[in-house]
There are 2 protein chains.
Amino acid sequence: MFEAKLNEASLLKKLLDAIKELVTDANFDCNEEGINLQAMDNSHVALVSVLLSHTGFKKYRCDRPIPLGVNITSLQKVLRCAKDDDICTLKSADDADILNIVYEAKNTDRISEYDLKLMDIDSDSLGIPDTDYDARVIMSSSEFARIVRDLSQLGESVRIDVSKEGVRFGADGEAANGSVLLKGKGPIGKVSGGPVSGNSKGEEGSGDGEDEDAQPNGTGDGDEDEEDAEVKKEKTKIKKEKTDDDVDMDEDKDKDEDDEDGEPEVDNDDDDDDEEGSDSKKRKKKAKGSSKPAKKPKTSKGKGKRKSGNDSDDEGEVDSVIIEMNSHVSLTFSLKYLVNFSKTANMHNRVQLYMSNDVPLLVSYDFGPGYVRYYLAPKIGDD
Amino acid sequence: MFEAKLNEASLLKKLLDAIKELVTDANFDCNEEGINLQAMDNSHVALVSVLLSHTGFKKYRCDRPIPLGVNITSLQKVLRCAKDDDICTLKSADDADILNIVYEAKNTDRISEYDLKLMDIDSDSLGIPDTDYDARVIMSSSEFARIVRDLSQLGESVRIDVSKEGVRFGADGEAANGSVLLKGKGPIGKVSGGPVSGNSKGEEGSGDGEDEDAQPNGTGDGDEDEEDAEVKKEKTKIKKEKTDDDVDMDEDKDKDEDDEDGEPEVDNDDDDDDEEGSDSKKRKKKAKGSSKPAKKPKTSKGKGKRKSGNDSDDEGEVDSVIIEMNSHVSLTFSLKYLVNFSKTANMHNRVQLYMSNDVPLLVSYDFGPGYVRYYLAPKIGDD
DNA sequence: CTCTTTGCAG
DNA sequence: CTGCAAAGAG
């Protein structure tokens, strides 16, 4: 027996609107923790992962795990029959091949009941990459939507560069090239854990001393390598899940040693790209002195990470852009997919972009009791 | 000579919007009583019947009956040239082949004049079934529109069941089955007298006593058979015509007198929109609280008719569902047509559904000085 | 001829 | 921003 009562049918409506163009059929895997959905997009390029925690429901019961295989279009048709504020109850017997959906209008006697036919869907066990990322950008989801929508008019791909300068979204097209630079707010944007965030905090206490090491942008380009190297040593990767709390210094340290050897290559590539790609534009990349104590003070360590309290705070003011970066990152993605992802702006006003070179981008909309996440492999070379 | 002056061109605009997808050409049969239009839809499955009583016109003159054959699309083009609140005058000589349409803007000196070419249309004498019905449902026209629109996503047909439980609209489709149950408000829903219509006037005087007989909808399901039997004895079939007034028992009295004054015109059109359009947004429009005394205190009886003010509640609170039933009715209809009919919600915020088993459904939008009615034969068997 | 897509009005 | 209707494609 599975039963979940949602206070606002609109949540599901928005969710379906967000993913309907990526996924046609998917299993809603229900267990005692909540409802999970994982699916590859139709062309198996992107992966979408959704969690609706049981805490987000007014009432939730799931005696044993059940995969509810639904056709997204069909489910959406049923959901369109709900008014946004209807109370929505999903029910299914353990062995049933239908999902019962009931809408109760608040304040009226209208009760609508739908039985959605379920399907058996091979749950291609999707390996969700569990990666540590070199950069995280937290920004307004609507601004992200706007940027990718705008750029999608110019070309098919966008290159996302995260550097000390900020995050740059650039697209080249036949008719025009375009790029959008978001600088990121200083104090909020402090690098967590490693470099970026670490500094911010670190700076406060010990910043002065480190400044020496820090390279103001544009000051010797030659130094880049050096700087990068340092960054890498620190190796503190940004972790997706736990990051919220500690994006964690402690872990960082540990990593430092391990990773070091690790992926210097990538960094270089990026740097190169930057320079090559558009000298003028990117050049300043490193820039901004403030940001830079390339060296991360370990002192910052665990403490301040989460700003007091609220989750929302973690993501900053709705319009602020928070950038955490361990090393420069430069990746190219298909705008078509990003535009699709960005439709999830309906569900939450902040989006997080996790990136490492040559690793799939993670676009994450984390709302209170759940999330919608997308993974998209970068384009390699020219394609 | 025919001449009719309408205070608001919007009435005609809405009428045309409502029927344009069903009818391409039709005769506006004008006589001293008003303007009648009757036509089969293009596929000869549904019948539409419109009356604009002379009382709805600011000025009306028709020396002798004239059929004005118009192409609906052409007339609509002309009507789109009017502002909603323009005073609109239709004129035609007895032998003319054109209809002269003049718009006078209120408060300005703008006068527009159009001559619409008329056509000769075979007036297939349409036999309008004159039936007594076993069930009548009075509900918000926008809610009706919403329901048939929702269900049309699931399948092609809807089964409408009227029972003590209320009225249920059910559709089966490949992807999902759905049903919407409206319980109907008790006190208002008393079976009128002969069940339905007879009472209305009677009640005023003796209303209280009758309540006993009245069955609030949804009360004891078990009793159905018994109740039905009784009801049937009375045999009072629900008649279409006179009902108009009744729709509101109490009000009727008032109405009789009141309406005359006024211009029953369209009053409420706007109201309806709320529900349909966008649930959440508009909701507040009418502002809730005021609207709902679901149960109406009989005390209010005659007086409150138009609720203070504005709303046209003749047919009950705009959101209430009134169900009158002599016997259970279960019929299946093509949703495509119902969806088309439901566009008439623009003209009036309440709709009446008259049904008897195996007889065409009558969907009636009765606004003050006229009506728009649709007849649709039920589907038989599986088709 | 149907279906999908695109543009327009409320 | 949404649904609705006209137009283009398969």
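Every chain is numbered from 1 and lettered A, B, ... according to where its sequence line falls, protein lines coming before strand lines.
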Contact under 4.0 Å: B:K343 side-chain N or O vs D:dA5 OP1/OP2: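 So the side chain of B:K343 is within the cut-off, an N or O lying under 4.0 Å from OP1 or OP2 of D:dA5.
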
If the cut-off is 4.0 Å, is A:R80 near the phosphate of D:dG3, judged by side-chain N/O to OP1 or OP2?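 Yes, such a contact exists.
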
Round to a whole Å and report the spacing from [atom1] of [X] to [atom2] of [N].
X	N	atom1	atom2	value
B:N346	D:dA5	CG	P	10 Å
B:R146	D:dC4	CZ	P	11 Å
B:E21	D:dA6	CD	C1'	11 Å
B:K77	D:dA5	NZ	P	16 Å
A:Q76	D:dT2	CD	P	12 Å
A:R149	D:dC1	CZ	P	8 Å
B:D17	D:dG3	CG	P	18 Å
B:K14	C:dA9	NZ	C1'	15 Å

Begin from the C-alpha positions of B:D41 and B:V48 and carry the test side chain to side chain contact (heavy atoms under 4.5 Å, CB included) through to its verdict. CA-CA 7 Å; B:D41 82 292; B:V48 54; over 6 Å; no

Any sub-3.5 Å donor-acceptor pair from A:K117's side-chain atoms to A:N71's backbone N or O?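 Judged by distance alone, no pair lies under 3.5 Å.
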
Is the gap between the ring centers of B:Y103 and B:Y114 under 6.0 Å?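 Yes, close enough.
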
Is there a donor in the side chain of B:S364 and an acceptor in the side chain of B:R373, or the other way round, less than 3.5 Å apart?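 Yes, side-chain donor-acceptor contact under 3.5 Å.
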
